[in-house]
Amino acid sequence: MSSKVRNISYAMPIVLIGASGLILISRGMHNSWGLFLIPLTDHLNVGREIYSIGISLNVLFSGLGAPLFGALADKYGPGKSILLGVILQIISQYWLSNVSNSFDLIGSLLLGGFAAAGFIGIAMAAVGRSVKPENRSLFVGLVMASGGLGQFLITPLMSGIIQNSGWLTAVYILMFFSSLLLIFSYLISFSKDAQSDSNTVKQTVSDAFKEAMGNKNFNLLTLGFFVCGFHVTFIGSHFPAYLQDQGLGSIAGWSLGLLGLFNVFGTTMYGYLGDRMSKKNLLVSIYTFRSLIFLIFIFMPKNEFTVMVFAGILGLLWLSTVPLTSGVISDIFGPSFTSMLFGITLFSHNLGSALGSWLGGRIFDQYQSYDVMWIACVVLGLLAALLHFPIKGTAIQRINLNPATN
Amino acid sequence: MIVTNVLMAFISVWILSEVLLYSSLRFVGETSSSNSNTFIWILRSMALLLLASTFVAMTFFTTVDIENFLFYCFI
């Protein structure tokens with residue numbers, strides 16, 4: 001790969017198409033898992049808890065695998081790392097297509113989560129390395145927005161297939177989509193290698209890991225990203241049920257539709273702004289706005305209009321944190337190990353996701369109300385804003401021990 | 001009635017996002033650049049296209065088991 005493409009001008013659109021396709025399909029497939037809940041639990045004649053455990057492990061291993069796949073991408077190239085993930089994903093889907101007991105179900109979902117772990121981080125880093133630094137945040141935002149489009153396109157399609165042809169056919173279609181990712185992994189391999197930047201000091205994966213762990217700015221960023229996962233998954237998993245409790249269940253679909261729509265809008269917009277303003281300050285503003293929106297939502301009357309406006313505004317702030325967080329990491333540490341370092345922050349995000357989903361259910365079972373969770377969202381949002389405030393997004397100064405790299 | 005509320009909510013959030021974007025660009029003094037104008041018009045077109053897609057999706061895919069779909073949608 002080292003001699004293949006080093007000219008940014010024509011490698012860039014290839015990598016951009018590869019990364020967008022990867023995120024579009026992988027996010028679309030990921031968002032389809034909920035559709036398999038009833039047919040698979042019916043097929044195995046097991047309770048929904050088994051499937052929930054599988055999904056929780058899917059999320060958890062998706063977080064655990066993110067830094068590992070990121071490190072592989074930084075060392076051996078993004079294309080090879082994604083290729084490994086895609087092969088594991090196809091194996092997990094093949095395993096799912098032959099599911100015959102709870103172990104198969106949980107195991108295949110776990111493996112699927114682990115396999116897809118590196119996709120977002122690696123795609124972000126590959127795009128970040130392939131575009132001009134002044135447009136990095138915008139293009140990363142555009143790629144992330146394609147995930148929202150995947151949700152629009154693939155999830156309804158999978159729903160239709162499950163209804164008309166059964167879950168097994170739908171799993172085979174998912175395997176087909178996964179095989180398409182092989183093409184995108186090849187396109188992404190046209191990105192600059194992590195180690196090819198002549199302006200950076202040569203480091204090993206272990207050095208980069210230690211450096212990041214000892215960096216206050218990185219730790220604050222990682223802690224703050226935990227809150228993003230908490231917010232997003234609590235809303236994603238409990239908002240429809242909350243609306244049902246409020247007698248507004250009929251607009252759950254529209255609300256989430258508007259949320260998804262403005263997510264595409266917001267991610268692109270914040271990506272664009274990230275190239276022109278301080279990314280750290282934009283992150284502070286996003287978390288502060290989220291807290292304000294949650295606070296207003298607690299007290300405002302709930303009707304169709306107000307709930308949809310809430311969902312729309314939340315959509316603007318939904319995954320806008322991703323290009324900015326990835327951008328801050330790239331700004332501080334350079335593009336060399338962005339995949340692994342973003343993977344570490346993504347692990348924190350997924351821990352927040354697991355907590356948001358579980359705690360929402362736990363608190364509702366305890367109090368028959370989500371009030372405590374809404375307050376927790378406000379407090380955590382403000383805490384995240386405070387955590388991001390002291391971050392310095394400037395490149396760290398390193399002593400170059402290897403004169404050959406200069 | 002739901003459709004009216006969706007449109008009203010869409011327009012409200014759209015106006016808010018335009019204000020947010022425009023004031024942010026004004027803050028960094030970029031409101032008049034052709035680069036920004038092009039971007040803003042691309043973004044506006046994309047939002048309208050997505051709105052139309054949402055209507056199509058919600059109208060033609062009424063068989064989606066929305067609760068389960070939404071439950072795992074954003075995990």
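All values below come from the heavy atoms of this structure, side chains included, with hydrogens, waters and symmetry mates left out. Naming convention: chains lettered A, B, ... in sequence-line order (proteins, then strands); numbering from 1 in each chain.
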Fill in the blank from the handout: Applying side chain to side chain contact (heavy atoms under 4.5 Å, CB included) to Phe297(A) and not counting sequence neighbours gives Phe239(A), Tyr242(A), Met300(A), Lys302(A), Val307(A), Phe310(A), Trp374(A)
Handout entry: Leu20(B), part contacting chain A, at a heavy-atom distance under 4.5 Å
Key = side chain
Problem - chain B contact via Leu138(A) - which portion, at a heavy-atom distance below 4.5 Å - result: side chain
Handout entry: Toward chain A, the part of Ser12(B) with a non-hydrogen atom under 4.5 Å
Key = side chain
Completion exercise
Applying a strict 4.5 Å limit to non-hydrogen atoms, the region of Phe262(A) in contact with chain B is side chain
Exercise for the section: State whether Tyr272(A) and Arg276(A) meet the cation-pi test: NZ (Lys) or CZ (Arg) under 6.0 Å from the six-membered ring centroid, and within 45° of the perpendicular axis. Expected result: yes
Exercise for the section: Kindly determine whether Thr267(A) and Asn263(A) satisfy side chain to side chain donor-acceptor pair (under 3.5 Å), including the steps that lead there. Expected result: CA-CA 6 Å; Thr267(A) 310; Asn263(A) 171 36; 3.0 Å; yes
Practice task
Could you tell me which portion of Phe234(A) (side chain, backbone, both or neither) has an atom closer than 4.5 angstrom to a non-hydrogen atom of chain B?
Solution key: neither
Handout entry: Polar side-chain atom of His231(A) near backbone of Arg290(A) as donor-acceptor pair, under 3.5 Å
Key = no
Exercise for the section: Would you please name every residue forming a side chain to side chain contact (heavy atoms under 4.5 Å, CB included) with Ala170(A), sequence neighbours left out? Expected result: Phe36(A), Met158(A), Ile161(A), Ile162(A)
Exercise for the section: Measure distances from Leu316(A) to the heavy atoms of chain B and classify the residue's part below 4.5 Å as side chain, backbone, both or neither. Expected result: side chain
